[in-house]
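See structure below.
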Amino acid sequence: MHSTMRTTALVPSLLLAVATLPLAAAELRLPAVFTDHGVLQRDRSLPVWGWADAGTTVTVTFDGATATATAGPDGRWSARLPAHPAGGPYQLAVSTTAGASRTVSDLLVGEVWVCSGQSNMQWTVKQSDEPEREIAAANLPRIRLLQVPRIAKPEPVADVQADWKVCSPDSVGTFSAAGYFFGRDLAKALDVPIGLIDSSWGGTPAEAWTQMAWLERDAVLKPIAERWTDASKPANKEAYEKKQKEWQERAEFEDPGLAEAAKGWMAPGLALDGEWKEMVLPGAIEAAGLQINGGLWFRKEVAIPAGWAGKELLLRLGAIDDFDTTWYDGQEVGHTGNQKPSWWTINREYRIPAAQVKEGRALIAVRAWDRYLTGGFVGSAAQMTLAPVDAPAAAISLAGAWRYRIEVAKPEPTERPPVNPAALHNAPGHLWHSMMQPLVPYAIRGAIWYQGESNAGRAQQYRTLLPAMIDSWRSAWAQGDLPFYIVSLANFRDRVDQPRESDWAELREAQDLTARGVRQAGLALAIDIGDAKDIHPKNKQEVGRRLALQALRQTYGKDVAAQGPVLAECVIDGAEVRLRFAELGGGLATSDGKPPRGFALAGADHVFQWASEARIDGAWVVLKADKVPAPLAARYGWDINPDVNLANKAGLPAVPFRTSPPLRYFLAGSGFLDSLASFSFLGGGGFQSWGLAGLRTQALSGTLLRRMPASLDHHTSRPRPPEPWK
């Protein structure tokens, strides 16, 4: 009886309490861009959005400012806060009339940039130059990092699984190196918080990052969308799979297993014959002149101090491309194969049991297997050490001379693998759907872009594609001419003796045309900081610095030199070609103090020859070529890895160019003519000139042809050659 009365008395109170609690079904979600530790864009109105129960009113409060919105039938709501100056930290509070609430803490207000592109933007800080030093110094709490997961979808995605992280030694190592170094330089120059959003994916073409509507509505780009549809057909999938299998049989070199003769090559005391040569590590085997794939052995003896005997050691070798098996005094201590993703970037760290460690000489032996392209020890010297686990400061450096021997090898192929046009991450629009659209309309300042390798075979199309992609982004964000800064392709591959055609040079030209023809765009050169043996140069510090210079001058109005010399005028007088440059940055110079090089001239035969004379004369470079007595055209830096040295006194390299782009490019209607300088010719027919200065992003057809004499090719005042330029 007593217990029954007590229960009855509690019922009204319990019902009252339940009625005042938030309903279990009440929903309130914010997208990934609104998480703790984020950065909001300063001095720009701030869209805030999310999802809640349909029909509920949502209130957003930030530093005293309030905005409201109503969730639509699909639950989506969007409010807009007024512009806010740099500062913080602040809280963002969101609540609904259904009783749900969310608070986002530690928000800063500053500058927000999107960092996008393919593998050279994806390339991380820990894969770049001096990773230990850079990571240790990255305790920069006013820089915040957001990494978008690499997911490809054929349909739009509303949100991604990600969150902001405070920049620190724990978070920066796996972030985009080019993006981080760009943001770090901005933070130093502007003294405001910096938010960096890394949305990049290696090996992807620009069309994957472009809204499909922008491809379908342009005659030049529409075939990209059509090819995707065609590639999805079963018969074409089978054709690709056949090509891929044939390429793998020709190009990849699968490990057949340890050869009988090599089974003793890890043993201490092995007598090394003349087949064992010396190589300085770290370094790619290609840098040592080995254009091969296959198995190589490396050996190095080290002196183990008495105090290390009986202690567990940590052996660090940096990244090894592709696989390795490692021994210490004849005992295997570690192995890395394709069981791990991105195995060629993994820093090898193997523990040596204390029982194996004795005073005196010890042998480290490594069998490295290179399947394709770059191979060898591709980390940094600082990553190659041996030390007791409990005394890392006592480390012995393993960088330097090692003995090596080839076990089995075949020549490295020059062909690249076929591209699967039906792969989701390569498909037009797919990365826009899943990696870019979820960020919209988050307020940002601009974007940096490092991509082009995957489009190098379609440079003419890229002249239209890249501007269209930029336009599609700007349309989505609706922030006007969103600043957009492009990294020009770095130098790569072995150099050649004679001038030649180059698809990479044409792609750089397309990037330059875009940077000049699109408002609020710019170009950061990497033509002098690449790696002949690695498509992923490690000096991302300078890439970030040059991108930051473009932003500081164009976006933030700082008085800094941001661009290397740019061709402004070409005058041909008999055997002499005079090239005038703008963007002098204090004056023309060469990076090594030697005469300018990297220039080639051609006459009516269209055969380019190296300039035999080149000198700087103020803002001009004066050229002659013994083999070209009557030049009609000039080129500079026109190759995948040109030997160039022209720069300005600010230390920025000159932009590669040609004075004779093929006429066929312009008949395609790309509309980006601003890169063509003013050309003058002094010849037998008297002085003639025409220029395109000021014609920014105008359609070609009428404009260009009206300015050209009808009987002349576009690059010369002489009669048009009987054959078109290749």
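Keep in mind that what you see is a predicted model, and the values were worked out from it rather than measured.
Looking only at distances, a side-chain donor or acceptor of His430 sits under 3.5 Å from a matching main-chain atom of Pro428. At distances below 3.5 Å, not a single donor-acceptor pair connects side-chain atoms of Gln451 with backbone N or O atoms of Val487. Without hydrogens or angle criteria, Thr464 side chain to Val220 main chain gives no donor-acceptor distance under 3.5 Å. Put simply, the side chain of Asn539 never gets that close to the backbone of Gly530: no donor and acceptor are under 3.5 Å apart. Side chain of Asn648 to backbone of Glu583: a donor-acceptor contact under 3.5 angstrom is found. Without hydrogens or angle criteria, Asn645 side chain to Arg597 main chain gives a donor-acceptor distance under 3.5 Å. Distance alone, capped at 3.5 Å, places no donor-acceptor pair between the Ser472 side chain and the Thr210 backbone. Remark: the backbone N or O of Asp494 is not paired with any side-chain donor or acceptor of Asn641 at under 3.5 angstrom.
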For this session: Could you please spell out the steps behind the side-chain contact (heavy atoms from CB on, under 4.5 Å) verdict for Leu439 and Trp477?
Result: CA-CA 9 Å; Leu439 307 177; Trp477 257 282; 4.0 Å; yes

The test is side-chain hydrogen bond (donor to acceptor under 3.5 Å, both in side chains); show your working for Gln461 and Asn455 and say whether it passes.
CA-CA 9 Å; Gln461 185 187 68; Asn455 289 90; 5.0 Å; no

*Could you please spell out the steps behind the ring pair (Phe, Tyr, Trp, His ring centres under 6.0 Å) verdict for Trp123 and Tyr450?*
CA-CA 10 Å; Trp123 206 247; Tyr450 196 161; over 10 Å; no

ask   = So Tyr485 and Thr555, side-chain hydrogen bond (donor to acceptor under 3.5 Å, both in side chains) or not? Walk me through it.
value = CA-CA 10 Å; Tyr485 299 117; Thr555 302; 2.6 Å; yes

query = How far apart are the C-alpha atoms of Asp512 and Arg463, what are their side-chain angles, what is the distance that settles it, and do they pass the salt bridge (charged side-chain N to carboxylate O under 4.0 Å, His left out) test?
reply = CA-CA 9 Å; Asp512 182 35; Arg463 293 169 175 235; over 6 Å; no

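Between Phe581 and Leu579, some side-chain heavy-atom pair lies under the 4.5 Å cut-off. When side chains are defined from C-beta on, Leu466 counts as touching Ile470, because their heavy atoms get closer than 4.5 Å. Proximity of Trp473 to Gln211: side-chain heavy atoms (C-beta onward) are nowhere separated by under 4.5 Å. Looking at heavy atoms from C-beta onward, Val39 lies out of side-chain contact with Ile194 at the 4.5 angstrom threshold. Looking at heavy atoms from C-beta onward, Val160 lies out of side-chain contact with Ile151 at the 4.5 angstrom threshold. The closest side-chain heavy-atom distance from Val114 to Met436 is below 4.5 Å. Side-chain atoms of Glu542 and Asp528, non-hydrogen and from C-beta on, never get closer than 4.5 Å to each other.
Distance check: Tyr180 OH to Leu196 CG gives 10.0 Å after rounding to the nearest 0.5 Å. Interatomic distance, Ser488 OG to Ile527 CD1, rounded to the nearest 0.5 Å: 6.0 Å. For the atom pair CG of Leu547 and CG of Leu552, the computed distance is 11.0 Å after rounding to the nearest 0.5 Å.
Electrostatic pairing of Asp129 and Lys540 does not count as a salt bridge here, judged by no charged N lying under 4.0 Å from a carboxylate O. Using a 4.0 Å cut-off between a side-chain N of Lys or Arg and a carboxylate O of Asp or Glu, Arg144 and Asp163 do not qualify as a salt bridge. Between Arg578 and Glu569 there is no salt bridge, since no side-chain nitrogen of the basic residue lies less than 4.0 Å from a carboxylate oxygen of the acidic one. A salt bridge links Asp481 to Arg519: one of the charged nitrogens lies within less than 4.0 Å of a carboxylate oxygen. Ionic pairing of Arg495 and Asp639 is not present here: no N-O contact between side-chain nitrogen and carboxylate oxygen is shorter than 4.0 angstrom. With salt bridges taken as basic N to acidic carboxylate O contacts below 4.0 Å, none links Glu506 and Arg458.
In this structure, a donor-acceptor pair under 3.5 Å is present between the side chains of Thr204 and Trp209. Side-chain atoms of Thr124 and Gln127 form a donor-acceptor pair, as typed in the model, at a separation below 3.5 Å. For the residue pair Ser454/Gln118, the side-chain donor-acceptor check at 3.5 Å is satisfied. With 3.5 Å as the limit, one finds no donor-acceptor pair spanning the side chains of Glu130 and Gln541. A donor and an acceptor atom, one from each side chain of His536 and Asn120, are nowhere located under 3.5 Å apart. Between Gln520 and Gln554, the side chains place no donor N or O within less than 3.5 Å of an acceptor N or O (distance only, hydrogens not considered). Checked by atom type, the side-chain pair Tyr462/Glu509 shows no donor-acceptor distance below 3.5 Å. Checking Asp170 against Ser168 by side-chain atom types alone, no donor-acceptor pair falls below 3.5 Å.
Ser200 and Arg150 get closest at one heavy-atom pair: O-NE, 2.8 Å. The shortest non-hydrogen separation linking Cys570 to Val577 is SG-CG1, 4.1 Å. Between Pro441 and Pro47, the closest heavy-atom pair is O-CG, 3.3 Å. Here the closest non-hydrogen pair linking Ala206 and Leu465 is CB-CD2, 3.8 Å. Of all heavy-atom pairs spanning Asn426 and Gly203, the tightest one is OD1-O, 3.4 Å. Closest approach of Ile640 and Arg508 over heavy atoms only: O-NH2, 2.8 Å.
Less than 6.0 angstrom separates the ring centroid of Phe182 from the ring centroid of Trp113. Between Trp49 and Phe34, the gap from one ring centroid to the other is short of 6.0 Å.
For the side chain to side chain contact (heavy atoms under 4.5 Å, CB included) with Trp164, the qualifying choice from Leu108, Ile197, Leu107 is Ile197, the only one to do so. Among the candidates Arg546, Arg553, Gln550, the single residue satisfying the side-chain hydrogen bond (donor to acceptor under 3.5 Å, both in side chains) test with Gln563 is Gln550.
Relative to the six-membered ring of Phe599, Arg635 misses at least one condition, a distance below 6.0 Å or an angle of at most 45° to the axis. Taking the ring centre of Trp214 as origin, the terminal cationic atom of Arg217 falls inside the region bounded by 6.0 Å and 45° from the ring axis.
Using cut-offs of 30° and 60° on the angle between ring planes, the pair His425 and Trp201 is parallel.
Checked against ring-ring contact (aromatic ring centres under 6.0 Å, His included), Trp638 has no partners two or more places apart in sequence or in another chain.
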